[in-house]
> 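Dropping the structure in here first, questions after.
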Amino acid sequence: MTLISKATGTLSILSCVNDIHKTALIYSKNEQAKASANVVISASVNSQKTDHISYKDSQRKNWLSQKNFFASIKEGFASVAGYIKGAAKTSVRYIPNFVLAGLAIFLNKNHNKAANISALGLGLLEGYDFVKNSMGVGQRDDYLNVK
């Protein structure tokens, strides 16, 4: 059963890494959207304020506001920061999976029983995650009831 435990550990790690990546992409898009909205609002407010009235200055402000100058730079940094934030938050959730998968994969033939127990632990962990997060068992569901 060592081959099964190693395959289980490998598939678990691949599943975790895939989920971390996909979740980080969601965080990245959210942070990019926030940065984009902030740039538009900031440019709009900035184009409306001035220390003194000047036709030349107002034309430059309007041009910068319309072209969203520097917006792509801010959005790019926000996108990268969002990806890192999402990957870090999601990685913490999968620490038990990584530990059990590592044990299942890297324990040698002298520790077959421990590797098999780790693979069984991965199965139980995934089962618990499915029941709790996918099916919603044990989570609050009385949001429509007024107390």
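Just so you know, these numbers use all the heavy atoms, side chains as well, and skip hydrogens, waters and symmetry mates.
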> Are the side chain of Ser79 and the backbone N or O of Glu75 linked by a donor-acceptor pair below 3.5 Å?
no

> If you measure from CD on Gln59 to OG on Ser54, what distance do you get to the nearest 0.5 Å?
9.5 Å

> Quick check: do Lys22 and Ile26 have side-chain heavy atoms less than 4.5 Å from each other?
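When only atoms from C-beta onward are counted, Ile26 and Lys22 do not touch, as no gap falls below 4.5 Å.
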
> How close do Ser118 and Ala104 get, heavy atom to heavy atom, and via which atoms?
CB-N, 3.8 Å

> Locate the shortest heavy-atom distance separating Asn97 from Leu122; write the atom from each residue and the value.
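Minimum heavy-atom separation between Asn97 and Leu122: O-CD2, 3.7 Å.
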
> Are side-chain heavy atoms of Asn112 and Leu107 found at a separation under 4.5 Å?
no

> Indicate yes or no: at least one non-hydrogen side-chain atom of Val80 is less than 4.5 angstrom from one of Ser28.
no

> To the nearest 0.5 angstrom, please state how far the CD1 atom of Ile4 sits from the CG atom of Leu11.
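Between Ile4 CD1 and Leu11 CG, I get 11.5 Å after rounding to 0.5 Å.
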
> Quick check for you: to the nearest 0.5 Å, what is the distance between Ile84 atom CD1 and Ser91 atom OG?
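Interatomic distance, Ile84 CD1 to Ser91 OG, rounded to 0.5 Å: 11.5 Å.
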
> Could you pull out the closest heavy-atom pair between Tyr27 and Gly82, with the gap in Å?
CB-O, 3.1 Å

> Roughly how far, to the nearest 0.5 Å, is CG of Leu3 from OG1 of Thr8?
9.0 Å

> Closest heavy-atom contact between Lys6 and Phe106?
NZ-N, 4.4 Å

> Assigning hydrophobic clusters by single linkage (Ile, Leu, Val, Met, Phe, Trp, Tyr; side-chain heavy-atom cutoff under 4.5 Å), is Tyr94 placed with Val17?
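Shared cluster, yes.
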
> Which heavy atom of Ala78 sits nearest a heavy atom of Glu31, and at what distance?
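Result for this residue pair: O-CB, 3.3 Å.
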
> Should Ile20 and Ile13 be regarded as members of a common hydrophobic cluster, given that ILVMFWY residues are connected when their side-chain heavy atoms come within less than 4.5 Å of each other, either directly or indirectly?
yes

> Rounded to the nearest 0.5 Å, how far does CG of Leu100 lie from CG of Leu125?
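Those atoms lie 6.5 Å apart.
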
> Is any side-chain heavy atom of Asn116 less than 4.5 Å from a side-chain heavy atom of His111?
no

> If I take atom CD1 from residue Ile95 and atom SG from residue Cys16, how far apart are they, to the nearest 0.5 angstrom?
11.0 Å

> Other hydrophobic cluster members with Tyr128, side-chain heavy atoms of Ile/Leu/Val/Met/Phe/Trp/Tyr under 4.5 Å, chained?
none

